[in-house]
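Just below is one structure, and these are the notes that go with it.
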Amino acid sequence: MSSDHRLLDDLVTCCQTERTAFRQTGEQRSPCCMELFRRAFAGDQDAWTEVVRIFNRMLYQWVGRVNYRLDNDELQTAIDEAWVGLHKGGTKHASLTATDNLAPLLEYLKTCVERAVLQMRRKKDRWSRYKLLDTERHIAYSLPVDTVRVSEILAYIERVFTAKDCLLFELVFFQGYKPFEVVESHPDLFPDQQSVYQALQTLRRRLRHDPVFRELVGLDSRDDDQSSDSAASGGKPDQTPASRRRRKADDSASLEVRIDDGNEGEERMDESCDLAEETLLDYVEGLLPEAQRALVEANPTCVVRARQLAAEIALIEARLYRLTCPDVDTLLDYHHHQLDSTTALVVHQHVNRCRLCREELALLQQMEEVPFEEPVPAHPIRRLVQAVLAPSLKLKLRGDAMVYMTEAELITLSVTRKVAVAPRWTLVGEVSLTDGMPVPQPIEQVIAACANAPAVVGEVEDDGSFTVRDLPAGSYRLTIVMPDKEIVIDPIQLGEATTS
């Protein structure tokens, strides 16, 4: 029976056998796995579920060997996005599944992971740098500016601002330099950090009040804070209802503002704030002398006002951040030498002066140097590693989980007892890295050996879990076989004596 007529379960088993063969011999021809992918791309949801189950662990093992500066949840999101990208590419590019060679498809999957990781890193960097919130408006400001609008913004900046101002745009707003870094790179223009702060504050006030610039970066009336109301009323107290003021404050991008719901707090918020905008921005930056700072903090309205100003400026700067950087797809094409010569030269010139893009290219190079999946010798020499019971987690084995650890791994074990004339036990476990990530290499076999009974081989899953069934009472030596090591837990007592 040809592979395209196989039952799904048979196809899955065959694909798993092919993956084992690859790890032992390096054989890339995988007709069963490729048929699974073809069915998945054709809309077979069950086939897609099996594809993800079989290859997801390989993705985790690969990303676990690269330092992305992302936490586990962010990496999971990136991997999910990579699978979405693969599905779109598989349905669009028939060449990916035209043969039984799995290598081109896995290379495309690897590129999908690279793209998703860079996009996640950029999003995380922008959101943490400007303290954006999970609101519709802030999400919009976290998105890249379209190419046409970028050209208009850059042309306006060059036309309106001085060369010194344009340098600050490039270093601080576009590339995220800190004031001390500006001083280090251009001491002739900025002799100290104070001079950088002063120049930046002047720029920020100009940008905030420039209607043309505001329109170019997409600021609308919803982003105005209470300054317009205060100016229109000649400095009189803001008449906006307290509930509305609280919503505005909570929606700030730079610093979250919390105002008490009590009447006393609302009365205090009715105070006016007559301090200049420059003073309030210096307060946010921490530049005010102690006496002036105390003056601001004595008036809750001024504190909220300062934070709202900072929030609005943060939205402007969030739109400017990395404005001149190529998008992720262009940077990937540059890394993989897939750009035309003219575009490649433009990107090359940008990369030479942009440390953020250089960092991303270094990460892509690191990802290139780490094999997506590589064969292992059929009969490798393995290290013997003894796992020990984690002292703080020492629990009775009966009905409870026990955690063992090596230098790099955590092994969680639990035991259930089957009631019968001759009792039998089932041992369930899972292996992970100490940080909770999957182990970088597959578990090949799990063996429970006892002196007075035959050794029992367990069932191993792709997610690092395993099950050893039908164990009689006794003292067991559990061996977890991996390509480069054998992890040993000894003894595990099953039966009347339940301590290990």
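Quantities reported herein were computed from a predicted structural model and do not represent experimental measurements.
Under the 3.5 Å distance criterion, the side-chain polar atoms of R126 are matched with a main-chain donor or acceptor of Y321. Proximity of a side-chain donor or acceptor of R214 to a complementary backbone N or O of H209 within less than 3.5 Å is not detected. Looking only at distances, a side-chain donor or acceptor of E181 sits under 3.5 Å from a matching main-chain atom of K178. A donor-acceptor pair under 3.5 Å is formed between the side chain of Q386 and the backbone N or O of V488.
For the pair P326 and L331, the tightest heavy-atom approach, listed with the atom from each and the gap, is CG-CD1, 4.1 Å. Here the closest heavy-atom approach between residue L280 and residue C302 is recorded as CD2-O, 3.8 Å. Contact record, L413 with G429: CD2-CA, 3.9 Å, taken as the closest heavy-atom pair. A pairwise comparison of heavy atoms in A310 and L281 identifies N-CD2, 4.4 Å as the closest pair. Shortest non-hydrogen contact noted between A199 and L168 is CB-CD1, 3.5 Å. In terms of heavy-atom proximity, Y108 sits nearest to G85 at CE2-O, 4.0 Å.
To the nearest 0.5 Å, the span separating SG on C354 from CZ on R358 amounts to 7.0 Å. Annotation: the span from L410 atom CG to E430 atom CD amounts to 10.0 Å, rounded to 0.5 Å. The NZ atom of K164 sits 10.5 Å away from atom CG of L203, with the distance rounded to the nearest 0.5 Å. Separating the CE atom in M482 from the CG atom in D484 is a distance of 6.5 Å, to the nearest 0.5 Å. Here CZ of F173 is found 12.0 Å from CG of L323. Values are rounded to the nearest 0.5 Å. Note that the CD1 atom of I487 and the CE atom of M405 stand 12.0 Å from one another [nearest 0.5 Å].
Using a 4.5 Å heavy-atom threshold, the side chains of N299 and L275 count as separate. Contact annotation: the side chain of S272 never approaches that of T301 to less than 4.5 Å [non-hydrogen atoms, C-beta and beyond]. Contact check for L109 versus L59: side-chain heavy atoms found under the 4.5 Å cut-off. Looking at F213 and I153, their side chains come closer than 4.5 Å, going by heavy atoms from C-beta outward. Residues E409 and T406 are in side-chain contact: their nearest non-hydrogen atoms beyond the backbone lie under 4.5 Å apart. You'll find the side chain of V347 reaches within 4.5 Å of the side chain of L339, heavy atoms only. You'll find the side chain of L295 stays beyond 4.5 Å of the side chain of Y283, heavy atoms only. Contact annotation: the side chain of H335 approaches that of E368 to within less than 4.5 Å [non-hydrogen atoms, C-beta and beyond].
Partners of T412 according to the side-chain contact (heavy atoms from CB on, under 4.5 Å) rule, which considers only residues two or more places apart in sequence or in another chain, are A401, V403.
Residue E407 places its CD atom among 12 or fewer non-hydrogen atoms of other residues, nucleotides or ligands, all under 6.0 Å distant. No more than 12 heavy-atom neighbours from other residues, nucleotides or ligands sit within 6.0 angstrom of NE2 on H348. The number of heavy-atom neighbours closer than 6.0 Å to CD of E158, taken from other residues, nucleotides and ligands shown, is 12 or below.
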Discussion item. Go through it in stages, so that I can follow the logic: the residues are L118 and L363, the test is side chain to side chain contact (heavy atoms under 4.5 Å, CB included), and I'd like the CA-CA distance, side-chain angles, deciding distance and then a yes or no.
Written reply: CA-CA 9 Å; L118 289 192; L363 174 62; 4.1 Å; yes
Discussion item. Between E486 and R383, is the salt bridge (Lys or Arg N to Asp or Glu O under 4.0 Å) condition met? List the steps.
Written reply: CA-CA 6 Å; E486 293 184 4; R383 296 183 293 116; over 6 Å; no
Fill in: Chi angles and distances behind the salt bridge (Lys or Arg N to Asp or Glu O under 4.0 Å) call for R149, E152
CA-CA 5 Å; R149 186 54 62 92; E152 294 175 353; 3.1 Å; yes
Worksheet entry | Verdict with reasoning, L364 to E114, per side chain to side chain contact (heavy atoms under 4.5 Å, CB included) | CA-CA 7 Å; L364 289 174; E114 292 172 344; 3.8 Å; yes
Practice prompt. Verify side chain to side chain contact (heavy atoms under 4.5 Å, CB included) between F169 and L207, making sure each step is shown before the conclusion.
Written response: CA-CA 11 Å; F169 270 101; L207 295 178; 3.7 Å; yes
Worksheet item: So R355 and E359, salt bridge (Lys or Arg N to Asp or Glu O under 4.0 Å) or not? Walk me through it.
Response: CA-CA 6 Å; R355 63 179 182 181; E359 289 174 1; 5.3 Å; no
Discussion item. Go through it in stages, so that I can follow the logic: the residues are E50 and R53, the test is salt bridge (Lys or Arg N to Asp or Glu O under 4.0 Å), and I'd like the CA-CA distance, side-chain angles, deciding distance and then a yes or no.
Written reply: CA-CA 5 Å; E50 293 298 337; R53 185 180 68 83; 3.0 Å; yes
Practice prompt. Would you please test F190 and F180 for ring pair (Phe, Tyr, Trp, His ring centres under 6.0 Å) and show each step?
Written response: CA-CA 10 Å; F190 301 98; F180 77 89; over 10 Å; no
Practice prompt. Could you go through the side chain to side chain contact (heavy atoms under 4.5 Å, CB included) check for T324 and E170 one step at a time?
Written response: CA-CA 9 Å; T324 57; E170 177 68 30; 4.2 Å; yes
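The closest side-chain donor-acceptor pair between E81 and Q119, if any, does not fall under 3.5 angstrom. Side-chain polar atoms of D340 and T343 form a donor-acceptor pair below 3.5 angstrom. Side-chain contact check for T330 and D327: at least one donor-acceptor pair (N or O, by modelled atom type) lies under 3.5 Å.
Under 4.0 Å is where a charged nitrogen must lie from a carboxylate oxygen, and between R206 and D165 at least one such pair does. A salt bridge links E297 and R293; the closest N-O separation between the charged side-chain nitrogens and carboxylate oxygens is under 4.0 Å. Ion pairing of E360 with R122 is present here, as a side-chain N (NZ or NE/NH1/NH2) and a carboxylate O approach within less than 4.0 Å.
Geometrically, K123 engages W127 in a cation-pi contact defined by less than 6.0 Å to the ring centre and at most 45° from the axis.
Tested against Q201, the residues D282, I313, V196 include a single side-chain contact (heavy atoms from CB on, under 4.5 Å) partner, D282. Under the salt bridge (charged side-chain N to carboxylate O under 4.0 Å, His left out) test applied with R204, the options E277, E312, E285 reduce to a single match, E285.
Sorted by first and then second residue, the disulfide (SG to SG under 2.5 Å) pairs involving residues 307-352 (not counting sequence neighbours) form an empty list.
Between Y156 and F161, the two ring planes are perpendicular [angle over 60°; tilted spans 30° to 60°]. The aromatic rings of F41 and F37 are tilted relative to each other, their planes meeting at an angle between 30° and 60°.
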